[in-house]
Asks: 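Below is one structure. I have some questions about it.
In the text below, chain A, chain B and the rest are named by the order of the sequence lines, each starting its count at 1. Because the structure is predicted, anything quoted here is derived from the model rather than measured.
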Protein chains: 2
Amino acid sequence: MATLKDIAKKSGVSVGTASAVINNKSWVSDKTRKRVWEVIEQLNYRPNQTARSLKIKKSETIGLIVSDITNPFFPEIVRSIEGIARNHGYSLILCDANEDIEIGLESFNLLFDKQVDGMILLGGIVPQDALLSFLKKKNFPLVVVERDYGYSRLNTILVDAVKGAFTATTHLLNLGYWPVGIISGPLSLDQESNYLHGSVGRFEGYQAALKAKGIPFDKSWVKEGDFRFEGGYRAMMQFLEQVTVPRAVFVSNDLMAIGAMEAIKNKGLRIPEDIAIVGYDDIPEASYTSPTLTTIALPKRKLGTLAIEILLKSLSGQENEYQKVVLPTKLVVRESCGAQIQEG
Amino acid sequence: MATLKDIAKKSGVSVGTASAVINNKSWVSDKTRKRVWEVIEQLNYRPNQTARSLKIKKSETIGLIVSDITNPFFPEIVRSIEGIARNHGYSLILCDANEDIEIGLESFNLLFDKQVDGMILLGGIVPQDALLSFLKKKNFPLVVVERDYGYSRLNTILVDAVKGAFTATTHLLNLGYWPVGIISGPLSLDQESNYLHGSVGRFEGYQAALKAKGIPFDKSWVKEGDFRFEGGYRAMMQFLEQVTVPRAVFVSNDLMAIGAMEAIKNKGLRIPEDIAIVGYDDIPEASYTSPTLTTIALPKRKLGTLAIEILLKSLSGQENEYQKVVLPTKLVVRESCGAQIQEG
DNA sequence: GGAGCTATCTGAAACGTTTCAATTTACAAC
DNA sequence: GTTGTAAATTGAAACGTTTCAGATAGCTCC
């Protein structure tokens, strides 16, 4: 592997000049520049980024911790982050936490050792105390997506979960369905670990929608899931075994909604004729299911691009404020809610 | 950020000794070891991996180029690779090529600049000429998954695509369907860029199955897709607009199969009553669709673990042979093929 | 009390860059 | 020619580690 020294020797200049050439410094004479470039090409020289990083104290690398890479919600976000990062000369070190908070913490530390210049947390699987105690000591470019740590000196990109769930539930209520149930995300976990997961917001939105219609909240229309396919299936099965079954259900994410639909079909019931369903996330699969899934679309691409853009700005050292962005959701009406054809 | 020098000064030893302590060299006295560790903890010292990498000429980083991270086939493989890599002290730089061969090449070069110690190509989106001319010059730890570059000095992990496609097609033929079409992967691209994608093997398997039954091959039962949802939809639409429509179709990957089913349903036809479908990959979604998708299951987890294990062995410098592993596939019978309940 | 060990520790070079003060060169102006 | 100035180049230090030849100290043995 050729080094700058080789280039310098072979083209008869000093190492400093050779460095100036590859960095396109303006003060190198055209003659020298040309000669050095010839040698660079001849030796097929590529600068050693590690040495460069050591010197300039930047790794030009970003850490990305995804809470669950196999959840179809994330890959599209990862893609948009990776593309923009690459176009700005940054590469991505990926860690998948597999929804395990221990791995989240381990990855968090590991990424620092690897000298990443900044970090993006997709889904915020890093434990709150570790993250906050770290942030209180150091100032580090960091963006959190889809998790609210409730700390002001932190860039956060959220989606208006309360309003999204409100819209979904109201949509079902407006269609005249009654009763309308909810399959939520993990609720109890949230309290124990102080993990303000999106599930709480979505649950609140559901309750608010009932309230707005003057309908009393009733615990028996609530089942708790785990954001995974199986959890949705199980929760719906519980509903189906009740004496009175809900006429419609808002399911807190699409993966669970698909599981819930599976349960309904297995019981020989029809969607939406017997039970109407609205999901949340709008993962690609929502268009494939049968019936297709009415759901709350999150601006996935936007979530990713915004995250990396805010991070890049922060990386560029501009003295910028911490941002907390809340993006709107959008109701996507498909078949599972039983609405007449109408643009949502 | 504390450095080794700080540690050395504060604990009254030389930098060399301090280094020996964090690297757990045996010849440091217990007394010194203890004192240095105290300072390390007190200053919250963490070794600078960049400096370390520069010196030891290893980055402890692996490059991973995925041909399409949003294809549900890949995330599970990525997860198994990442987990094992992390447990062995390696982290992963992820590049997503978005099925774009240009990006594949760009990423390939970028990863070298980043001094990755080894590389895994998931789906082999790197152009053949670039890869092979590189390999002929240098010797570099590399594992390719699900693409056969047809070069012997290269670790390759494949699945028996020909046999898989043969099994799928034969399954349809045995059910008495006729004619049986195929939606293939990109075939023409393969010839132009000499890209021996899995699509060719699957196509061959289809042809072999016909031949085995003494059925002549007919071009009009072949449509070319792009391995994406939309491509499957479009290809099926072409079939549906033909004078005679195939009675069953083997679709070369599940994403396209789901697209194809969508097209069929949109035309008001039934699966499998009007058209039977068998896919390939067994992505998680294959169990969610309606009807559920009969498909060829690949050992995804195994593909990932094997890839990283071979790479790690190669990285450890053992003078090992190049390996070419071909894993078997498995027919998973669900509803879309219209077979009676039977274990596959 | 010196030789010979061993166990422990030191100091400096090296890894491949970037950076910058200092130097050299080129050239114009007189 | 000398001087002044700008342009081009050099050389060495630095980044934070690892490594290794050599130094030192403490023993044992005769």
Side-chain angles (χ1 to χ4, degrees), chain A residues 1-40 43-61 89 91 110 112-117 317, chain B residues 1-40 43-61 89 91 110-117 138 317:
Chain A
M1 203 80 285
T3 79
L4 257 196
K5 214 153 103 186
D6 301 330
I7 302 296
K9 198 186 307 174
K10 184 142 188 177
S11 52
V13 300
S14 74
V15 173
T17 304
S19 169
V21 170
I22 56 149
N23 287 310
N24 241 320
K25 300 293 185 189
S26 59
W27 66 74
V28 182
S29 73
D30 286 352
K31 206 175 56 164
T32 307
R33 187 184 302 278
K34 182 153 167 291
R35 184 153 36 98
V36 173
W37 263 113
E38 274 165 9
V39 177
I40 287 175
L43 298 191
N44 212 337
Y45 168 77
R46 312 239 56 191
N48 180 323
Q49 297 294 336
T50 303
R52 182 157 197 279
S53 292
L54 177 60
K55 183 64 198 182
I56 68 178
K57 293 170 174 295
K58 282 192 200 315
S59 64
E60 280 158 346
T61 292
S91 40
L110 187 137
F112 284 111
D113 289 351
K114 287 282 177 176
Q115 318 288 127
V116 295
D117 296 337
Chain B
M1 206 77 288
T3 80
L4 257 196
K5 215 153 100 183
D6 301 330
I7 302 297
K9 198 188 305 175
K10 184 142 188 177
S11 53
V13 300
S14 74
V15 174
T17 304
S19 169
V21 171
I22 56 149
N23 286 309
N24 241 321
K25 299 292 184 192
S26 60
W27 42 261
V28 182
S29 73
D30 286 351
K31 205 175 57 164
T32 307
R33 187 185 302 278
K34 183 154 169 289
R35 184 154 35 97
V36 173
W37 263 113
E38 274 164 10
V39 177
I40 287 176
L43 298 190
N44 211 338
Y45 168 77
R46 313 239 57 189
N48 181 324
Q49 296 294 336
T50 304
R52 182 157 197 280
S53 293
L54 176 60
K55 183 63 199 182
I56 68 177
K57 292 169 175 296
K58 282 194 201 314
S59 64
E60 280 160 346
T61 291
S91 40
L110 187 138
L111 286 174
F112 284 111
D113 290 352
K114 287 280 178 175
Q115 318 290 127
V116 295
D117 295 338
K138 303 197 216 324

Asks: Which heavy atom of A/Ile7 sits nearest to which heavy atom of A/Leu43, and what is that distance?
Replies: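 For A/Ile7 versus A/Leu43, the nearest heavy atoms are CD1-CD1, 4.0 Å.
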Asks: Less than 4.5 Å apart, side chain to side chain, heavy atoms only: is that true for A/Lys57 and A/Gln115?
Replies: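 Side chain of A/Lys57 against side chain of A/Gln115, heavy atoms only: no contact under 4.5 Å found.
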Asks: Rounding to a whole Å, what distance do you find between A/Arg52:CZ and C/dT19:P?
Replies: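 Spelled out: CZ on A/Arg52 to P on C/dT19 is 8 Å.
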Asks: Can you check whether B/Thr61 reaches A/Lys114 side chain to side chain, under 4.5 Å on heavy atoms?
Replies: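 Heavy-atom side-chain distance check passes, below 4.5 Å.
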Asks: Let me spell it out: for each of A/Lys25 and A/Met1, pick the nucleotide of DNA chain C with the closest heavy atom. Which residue's pick is nearer the 5' end?
Replies: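 Counting from the 5' end, the first nearest nucleotide belongs to A/Met1.
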Asks: Taking atom C1' of D/dG16 as reference, at what distance in whole Å does atom CZ of B/Arg46 sit?
Replies: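 Atom-to-atom, B/Arg46 to D/dG16, this comes out as 16 Å.
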Asks: I need the CD1-C1' distance between B/Ile7 and D/dG16, as an integer number of Å.
Replies: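 In whole Å, D/dG16 C1' and B/Ile7 CD1 are 12 Å from each other.
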Asks: In terms of side-chain geometry, is the basic nitrogen of A/Asp117 or A/Lys58 positioned less than 4.0 Å from the acidic oxygen of its partner?
Replies: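 The answer is no: the pair does not qualify as a salt bridge.
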Asks: Whole angstrom is fine here: how far is it from NZ in A/Lys58 over to P in C/dG16?
Replies: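 My rounded result for the distance is 23 Å.
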Asks: Tell me, for nucleotides 21-26 of chain C in 5' to 3' order, what letter each nucleotide earns: B for a base near a protein heavy atom under 4.0 Å, S for only sugar-phosphate near one, - for neither?
Replies: ------
Asks: So does A/Leu110 get a backbone contact from the side chain of A/Asp113, meaning a donor-acceptor N/O pair under 3.5 Å?
Replies: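 Between the backbone of A/Leu110 and the side chain of A/Asp113 there is no qualifying donor-acceptor contact (under 3.5 Å).
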Asks: Mind listing the closest non-hydrogen atom pair of B/Ala2 and B/Tyr45 along with its distance?
Replies: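 That closest heavy-atom pairing would be O-CD1, 3.3 Å.
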Asks: Taking all non-hydrogen atoms of both residues into account, name the closest pair between B/Val36 and B/Ser11 and its distance.
Replies: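 It is CG2-OG, 3.8 Å.
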Asks: What pair of heavy atoms forms the shortest contact from A/Ser59 to A/Val116, and how long is it?
Replies: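 Closest pair (atom of A/Ser59, atom of A/Val116, distance): OG-CA, 3.6 Å.
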Asks: How large an angle, rounded to 10°, do the end axes of the helix from C/dG1-D/dC30 to C/dC30-D/dG1 enclose when each is built from five base pairs?
Replies: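 Between the axes fitted at each end of the helix from C/dG1-D/dC30 to C/dC30-D/dG1 lies an angle of 60°.
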Asks: Rounded to the nearest 0.5 Å, what separation is found between the OG1 atom of A/Thr3 and the NZ atom of A/Lys9?
Replies: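 A/Thr3 atom OG1 to A/Lys9 atom NZ measures 8.5 Å (nearest 0.5 Å).
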Asks: Can you check nucleotides 8-15 of chain C for protein contacts, nitrogen or oxygen pairs under 3.5 Å, and list what you find?
Replies:
unit_1	atom_1	unit_2	atom_2	d
C/dC9	OP1	B/Ser29	OG	3.0
C/dC9	OP1	B/Thr32	OG1	2.3
C/dC9	OP2	B/Ser29	N	2.8
C/dC9	OP2	B/Ser29	OG	3.3
C/dC9	OP2	B/Thr32	OG1	3.4
C/dT10	OP2	B/Ser14	N	2.8
C/dT10	OP2	B/Ser14	OG	3.3
C/dT10	OP2	B/Thr17	OG1	2.9
C/dA14	N3	B/Lys55	NZ	2.8
C/dC15	O3'	B/Lys57	NZ	3.2

Asks: Which atom pair, heavy atoms only, marks the closest approach of B/Arg33 to B/Val28?
Replies: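 Distance-wise, the nearest heavy atoms are NH2-O, 3.3 Å.
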Asks: Checking B/Ser19 side chain against B/Val15 main chain: does a donor-acceptor pair fall under 3.5 Å?
Replies: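 Such a contact is absent between B/Ser19 side chain and B/Val15 backbone.
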Asks: Quick one: A/Asn23 CG to C/dG16 C1', roughly how many Å, whole number?
Replies: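 In whole Å, C/dG16 C1' and A/Asn23 CG are 13 Å from each other.
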Asks: Rounding to a whole Å, what distance do you find between A/Asp113:CG and D/dG16:P?
Replies: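 So the two atoms are 15 Å apart, to the nearest Å.
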Asks: How many Å lie between CZ on B/Phe112 and P on C/dG16, as a whole number?
Replies: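 Taking CZ of B/Phe112 and P of C/dG16, I get 18 Å after rounding.
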